[in-house]
Amino acid sequence: MRHIQIIHNVQQSLLAMQDLSYRDFQAKLMPTVKKETVIGVRTPQLRSFAKAFGKTAEAGEFLEQLPHTYYEENNLHGMLLGQIRDYPEAITELNRFLPFVDNWATCDLLALPVLGKHLDQLIPEIDRWLTSDHTYTVRFAISLLMRYYLEDAFRPEYSDRVLRVCSEEYYINMMRAWYFATALAKQYDAILPCLTEHRLDVWTHNKTIQKAIESYRITPEQKAFLRTLRVKKNA
């Protein structure tokens, strides 16, 4: 069948770009992914392949085939989604793909420029994704709030959405910390009370401070004050 041949061709193209040492390195960074599903294709090569492949008729048929076998196939899928220019189509395809995202790297690679052109329409989608029981759907939703809603589109209610996320999942709370550290760099006065009033769980609170202190966008004076807000784990 045609779709089987397309998948086979894609896999053969990816295997032709395989770098075994990079595969071993990459696999260690993704404990949720089985090593045998990682081919080992460097991101610049995969992006070049996605750019060319996205112009073919086969790309649309590839997107229809879920789940994929390899980590790089998922990344290719995400890169192809980034080429979509129609907003409703982008949302439809995201809703198809997100349940199959099984690691932080594929999740964080997802970047669809068309979403940034529809920020008012996107918020209800983000709200729905934030309540998902799937780790990487929630992580993706928080990443969108960090990417698009911390500058001109910022509203305190958006950070409240991230505050309300309650999870014991490491990859969700790491993204929450990343969000608040970035928010401190861009909306310091509005976000600081989240820390001074201890609105976050202790782990995310301290990780936020750690990430903020590591940021070049936080002033030395701000970093000095943030250090005073660290909380002991047994507090």
Side-chain angles (χ1 to χ4, degrees), residues 29-30 32 43 75 78-79 81-82 84 87 90-91 94-95 97-98 101-219 222-223 226 229:
L29 300 178
M30 302 181 298
T32 63
T43 302
N75 285 357
M79 291 174 183
L81 295 189
I84 295 174
Y87 176 77
I91 295 299
L94 275 171
N95 284 326
F97 181 57
L98 284 171
V101 176
D102 61 359
N103 67 88
W104 66 266
T106 300
C107 178
D108 295 358
L109 173 147
L110 279 173
L112 285 71
V114 69
L115 301 184
K117 300 176 181 179
H118 299 269
L119 296 185
D120 290 341
Q121 292 174 266
L122 184 59
I123 282 294
E125 304 297 336
I126 290 175
D127 285 341
R128 186 166 53 79
W129 291 330
L130 284 172
T131 62
S132 171
D133 58 3
H134 181 245
T135 295
Y136 299 101
T137 298
V138 178
R139 183 179 171 103
F140 177 67
I142 297 171
S143 77
L144 292 178
L145 288 172
M146 181 174 69
R147 178 175 297 167
Y148 294 124
Y149 299 91
L150 284 180
E151 295 186 18
D152 292 342
F154 175 75
R155 297 179 189 174
E157 65 201 63
Y158 295 155
S159 59
D160 290 342
R161 284 164 161 81
V162 185
L163 279 172
R164 288 196 296 268
V165 173
C166 182
S167 175
E168 295 183 359
E169 288 285 346
Y170 171 84
Y171 290 104
I172 289 177
N173 287 327
M174 183 60 82
M175 179 56 77
R176 292 174 75 224
W178 187 7
Y179 169 88
F180 283 109
T182 304
L184 281 170
K186 297 186 175 184
Q187 301 288 345
Y188 183 82
D189 292 337
I191 297 299
L192 187 62
C194 296
L195 298 177
T196 58
E197 298 173 10
H198 302 286
R199 300 178 189 172
L200 289 160
D201 60 277
V202 172
W203 188 92
T204 307
H205 175 102
N206 286 338
K207 185 61 69 171
T208 296
I209 292 172
Q210 176 190 325
K211 285 182 166 293
I213 288 173
E214 293 171 353
S215 173
Y216 68 88
R217 295 178 293 184
I218 302 290
T219 70
Q222 290 170 338
K223 291 180 181 181
L226 289 172
L229 300 178

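We're numbering straight along the sequence, starting at 1. For the numbers below, each heavy atom of this structure counts, side chains included, while hydrogens, waters and symmetry mates do not.
- The distance from the CG atom of L81 to the CG atom of L98 is 8.5 Å, given to the nearest 0.5 Å.
- L122 is listed as a side-chain neighbour of I91, based on a closest heavy-atom distance under 4.5 Å.
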For this session: Please step through side chain to side chain contact (heavy atoms under 4.5 Å, CB included) for the pair S159 and Y179, ending with a clear verdict.
Result: CA-CA 9 Å; S159 59; Y179 169 88; 3.3 Å; yes
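- The residues E214 and K211 are annotated as not salt-bridged, no charged nitrogen and carboxylate oxygen being separated by less than 4.0 angstrom.
- A pairwise comparison of heavy atoms in F140 and S143 identifies O-OG, 2.6 Å as the closest pair.
- In this structure, A141 and L130 approach most closely via the heavy-atom pair CB-CD2, 3.7 Å.
- Taking the ring centroids of W104 and Y170, they lie at or beyond the 6.0 Å cut-off.
- The shortest side-chain heavy-atom distance between T196 and L229 falls under the 4.5 Å cut-off.
- Here Y136 contributes atom OH and I172 contributes atom CD1; the two are 9.0 Å apart, rounded to the nearest 0.5 Å.
- The minimum heavy-atom distance between L195 and H205, with the atom names listed, is O-CE1, 3.3 Å.
- Side chains of L110 and F97 form a contact here, defined as non-hydrogen atoms less than 4.5 Å apart.
- In plain terms, the two heavy atoms of G116 and L119 that are nearest each other are O-CG, 3.6 Å.
- No donor-acceptor distance shorter than 3.5 angstrom exists from the side chain of T137 to the backbone of W129, with no hydrogens or angles considered.
- No more than 12 heavy atoms of other residues, nucleotides or ligands sit less than 6.0 Å from atom CD of E168.
- A salt bridge links D108 to R139: at least one charged side-chain nitrogen sits closer than 4.0 Å to a carboxylate oxygen.
- Between the SG atom of C107 and the CE atom of M175 there is a distance of 6.0 Å, given to the nearest 0.5 Å.
- Rounded to the nearest 0.5 angstrom, D201 CG and S167 OG are separated by 9.5 Å.
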For this session: Any chance you could lay out the side chain to side chain contact (heavy atoms under 4.5 Å, CB included) test for Y171 and V138, step after step, and finish with the verdict?
Result: CA-CA 9 Å; Y171 290 104; V138 178; over 6 Å; no
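- To the nearest 0.5 Å, atom CD of residue Q187 and atom CZ of residue F180 are 12.5 Å apart.
- Looking at heavy atoms from C-beta onward, W203 lies in side-chain contact with M174 at the 4.5 angstrom threshold.
- Looking only at distances, no side-chain donor or acceptor of D102 sits under 3.5 Å from a matching main-chain atom of T32.
- A heavy-atom distance below 4.5 Å is not found between the side chains of R176 and K207.
- In this structure, CD1 in I191 is found 10.5 Å from OG1 in T182, a value given to the nearest 0.5 Å.
- In terms of heavy atoms, V114 sits closest to A90 at CG1-CB, 3.7 Å.
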For this session: For the pair I123 and Y149, evaluate side chain to side chain contact (heavy atoms under 4.5 Å, CB included) and give the outcome as yes or no after the intermediate values.
Result: CA-CA 10 Å; I123 282 294; Y149 299 91; 3.7 Å; yes
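- Side-chain contact between L192 and L226 is present, with at least one heavy-atom pair separated by less than 4.5 Å.
- In K186, the NZ atom is crowded: over 12 heavy atoms of neighbouring residues, nucleotides or ligands sit closer than 6.0 Å.
- Minimum interatomic distance between P113 and G82 (heavy atoms only, all atoms of both residues): CD-O, 3.4 Å.
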